[in-house]
Each structure stands twice: as C-alpha cells, then as structure tokens.
Amino acid sequence: MAAVLDWFTANARALPWRAPGVTPWGILVAEVMAHQTPVARVSPVWIEWLIRWPAPADLADAGPAAAITAWSGLGYPRRALHLVACAERIVRDHGGEVPCDPQVLRTLPGVGEYTAAAVACFAFGRRTIVLDTNVRRVLARLFDGSPGVAAHVAAAERSRAAAVLPADPPRAARWNEAVMELGALICTARTPSCPNCPVRSHCRWHRAGRPGEPPPRRPQGYTGTDRQARGRLLHAVITDGPVPAAILAGTDTVWPHAEQRQRALAGLVADGLLCCEDGNYILPSAPATSR
DNA sequence: GAAGCGTGGAA
DNA sequence: TTTCCAAGCTT
C-alpha cells in the first residue's frame, strides 16, 4: 500500500542504525537490543557499542564482562551474552561477517524468527516476512478488524503477511520497515492515533468503530520477584567490582530474602552472568559457551 | 506451551 | 504514587 510507504518517507524516525553505512553487525546489535526494550533507550547504548566494537571480532575479543557492563540499563542482560556468543560464532564460522541467510541467522544465540528475518531484510535487502509485535498488530487491525494479536504467531498470520508483502525485494524491505514504524508511532497498542493514520480509510478495525477490548494485559509484576533480585545482585557486581560471597550471598546487604537470594545467584551463575572465584562474585571473563 | 527473563520512563 | 509496558528468545 503506497500510502504506508509515503507516510514512512515523511515520518520515519532518524534512528542511528538507519543512517547510511551502518553494517549488518550494527543492525544485528540494534535488533537484539530492541527486544522488549524501548527504542529511545536503545539508541545511546547502541552508539556506544558500535564505537567500541564496530565488528563482531571486536566484541568477541572484549568478552562477556565488558559487554555486561556496557549493557547499561537495557534489561535482560542475557542478551549481552547472546551478542558476545553471536560475535564468537560469526568469527569462528562465518569469517567475521554476519550471515545473510535467515535460516543461518536463526541458528545464532538469541536470534529467533523475528530477528533473523529483520537482519536479513534490513541489513541485506532480503525479502523476508518480518513479524514483530508492531507489524502483527497493524496487520490484524487493517485486514482482520481485530483490536490486537494473540501471544504467539499463528500460521495464518504468516501467510497473510506474505500475501501483502510486495514482490520486489527492495520494496518489500521498505514495506516491512514502514509497517513496523506505523505500529510503533501511530497504530499503538494502547492509544492508537487513528486520525493520523495514512490507511485509516482502509482499516477494517477503524471502519468498524474500533470494536473489542484492548489486548489482554500481560501478567508482569516485578517488585519482589526473582527477576528483581537478579537485577540487584548483578548490578552490585557491575558497579562495585568483585564482591565477596560472604557479603553478596551471606548477608542481606543487596537482597533481603536469603532463600530467594541463593536461587537468584545460582541462576545468574547458571546463565553465565556471574562467576564465583576465590570467594568473590565477579563478572565472567571467559567466553560464554555458545554451543 | 507456559513460564522465566530487567529496566526506567510515561500515563 | 502506582501501574503499565517496549522491535522476543529460550527452556
């Protein structure tokens, strides 16, 4: 639909990874950083990472501790380990170049269906089906007239997305990016700005009077969870350097509940985000095994 | 297939 | 202040 492409030309955000000359590695880093994370928060961290580690080999050499520290406040720090493992695999198996085949990309740590399609499309111009939560929501409203989407991608969604994807690869890539942007800026989950939508007159959901409930809210809850405990404990080591196990595990300095504290620390160690050496918790210096 | 995995800014 | 949630992936 030309209206969406025209809208994108006029309204695309100037995200740093959309600048000319950004490498496939830059695209991959941006996509992983953007998982469940607002783009506005990703931008400064992405710039920092690409300056420090402009190519996969640079991050592979840097190792996990530096990556975890530089991950800053993006959340889900296992993604930093995934990127290090990606970098190692890219160096070892792909001559230091990010692969362009979505099926190959899919085998990299932390790269799922969406990210593989996105990197193949945005970095290499491949004609792939890019289905993130924004695209799914836009297509569901536009063509199905439903207010939101299910938790998981259905087969029918893929075929519908394929059906509306332009045949010409460069145009398909543009379409993917444009629909994603439309979902991020206009056709938002909570309060969509239909008056500003370039395809409101074609939208089944809008034409039907925007029926239905808003998408089911996810059970989240954070305060007091293992997730919060993990975040606090890891943060302590990132900011203070090596922390004696007697303090981190043995006292309630960082986290009050003893049993939960042990569970969280064990999880962090199991995930490769922390190591315990010589009685101290430290960030891992050895490469995270990427399998 | 459901559950687990962080964070900080906006509403 | 509290609540809600933002370009998913893995087990």
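Labels below follow one simple rule: chain letters A, B, ... track the order of the sequence lines, proteins then strands, and each chain is numbered from 1.
Taking atom C1' in both B/dG1 and C/dT11, one finds a spacing of 11 Å when rounded to whole Å. The gap from the C1' atom of C/dC4 to that of B/dG6 amounts to 14 Å, rounded to the nearest Å. Rounded to a whole angstrom, the distance from the P atom of B/dG8 to that of C/dT10 is 24 Å. For the P atoms, the distance linking B/dG4 with C/dA7 amounts to 23 Å, nearest Å.
Remark: C1' of C/dT11 and CG of A/Leu81 are 16 Å apart, rounded to the nearest angstrom. In this entry the distance linking NE2 of A/His35 with C1' of B/dG6 reads 15 Å, nearest Å. Distance CH2 (A/Trp46) to P (C/dA7): 19 Å, rounded to an integer number of Å. What separates CG of A/Leu185 from C1' of C/dA6 is a distance of 13 Å, to the nearest Å. Rounded to an integer number of Å, the gap from OH of A/Tyr114 to P of C/dA6 is 15 Å. For the pair A/Asn134 CG and C/dG8 P, the computed distance is 7 Å after rounding to whole Å. Between the C1' atom of B/dG6 and the NE2 atom of A/His235 lies a distance of 12 Å, rounded to the nearest Å. Taking atom CG of A/Leu108 as the reference point, atom C1' of C/dT10 lies 15 Å away to the nearest angstrom.
Side chain of A/Arg78, nearest nucleotide from C/dC9, C/dA6, B/dG4: B/dG4. Distance from the side chain of A/Arg190 is smallest for C/dC5 among the nucleotides B/dG8, C/dA7, C/dC5. Here the nucleotide nearest the side chain of A/Arg227, chosen from C/dG8, B/dC5, B/dG9, is B/dC5.
Taking 4.0 angstrom as the limit, A/Gln36 places a side-chain polar atom (N or O) nearer than this to OP1 or OP2 of C/dG8. The side chain of A/Tyr222 contributes an N or O atom lying less than 4.0 Å from OP1 or OP2 of B/dT7. Under 4.0 angstrom from either OP1 or OP2 of B/dT7 there lies no side-chain N or O belonging to A/Arg230. Contact annotation: A/Thr115 side-chain N/O to C/dC9 OP1/OP2 distance is under 4.0 Å.
The pair A/Asp144-A/Arg204 fails the salt-bridge criterion, with no side-chain N (NZ, NE, NH1 or NH2) lying under 4.0 Å from an Asp/Glu carboxylate O. In summary, A/Glu181 and A/Arg18 engage in a salt bridge, as defined by a charged side-chain N under 4.0 Å from a carboxylate O.
Contact annotation for A/Arg106: backbone-only contact, meaning every heavy-atom pair under 4.0 Å involves sugar-phosphate atoms and none involves a base. At a threshold of 4.0 angstrom between heavy atoms, the contacts of A/Gln228 with the nucleic acid are absent. Counting non-hydrogen atoms under 4.0 angstrom, A/Trp17 reaches a base of the nucleic acid. Residue contacts shown for A/Val111 are limited to sugar-phosphate atoms, with no base heavy atom under 4.0 Å away. A/Leu268 comes within 4.0 angstrom of no nucleic acid atom, judged by non-hydrogen atoms across all strands.
The environment of A/Arg207 atom CZ is sparse: at most 12 non-hydrogen atoms of other residues, nucleotides or ligands sit within 6.0 angstrom.
The base of C/dG8 lies outside donor-acceptor range of the side chain of A/Thr133, with no N or O pair under 3.5 Å.
Checked by atom type, the side-chain pair A/Tyr76/A/Arg227 shows a donor-acceptor distance below 3.5 Å. Residues A/Asp278 and A/Asn280 bring no donor and acceptor atom of their side chains to less than 3.5 Å of each other.
Of all heavy-atom pairs spanning A/Ala66 and A/Arg52, the tightest one is CB-NH2, 4.0 Å.
Of the two residues near DNA chain C, A/Ala184 and A/Gly110, the one whose nearest nucleotide lies more 5' is A/Ala184. Comparing A/Arg41 and A/Glu113 against DNA chain C, the residue whose closest nucleotide sits nearer the 5' end is A/Arg41. Mapping A/Pro77 and A/His152 onto DNA chain B via the closest heavy atom, the residue that lands nearer the 5' end is A/His152.
When ring centroids are compared, A/Trp25 and A/Trp53 stay outside the 6.0 Å threshold.
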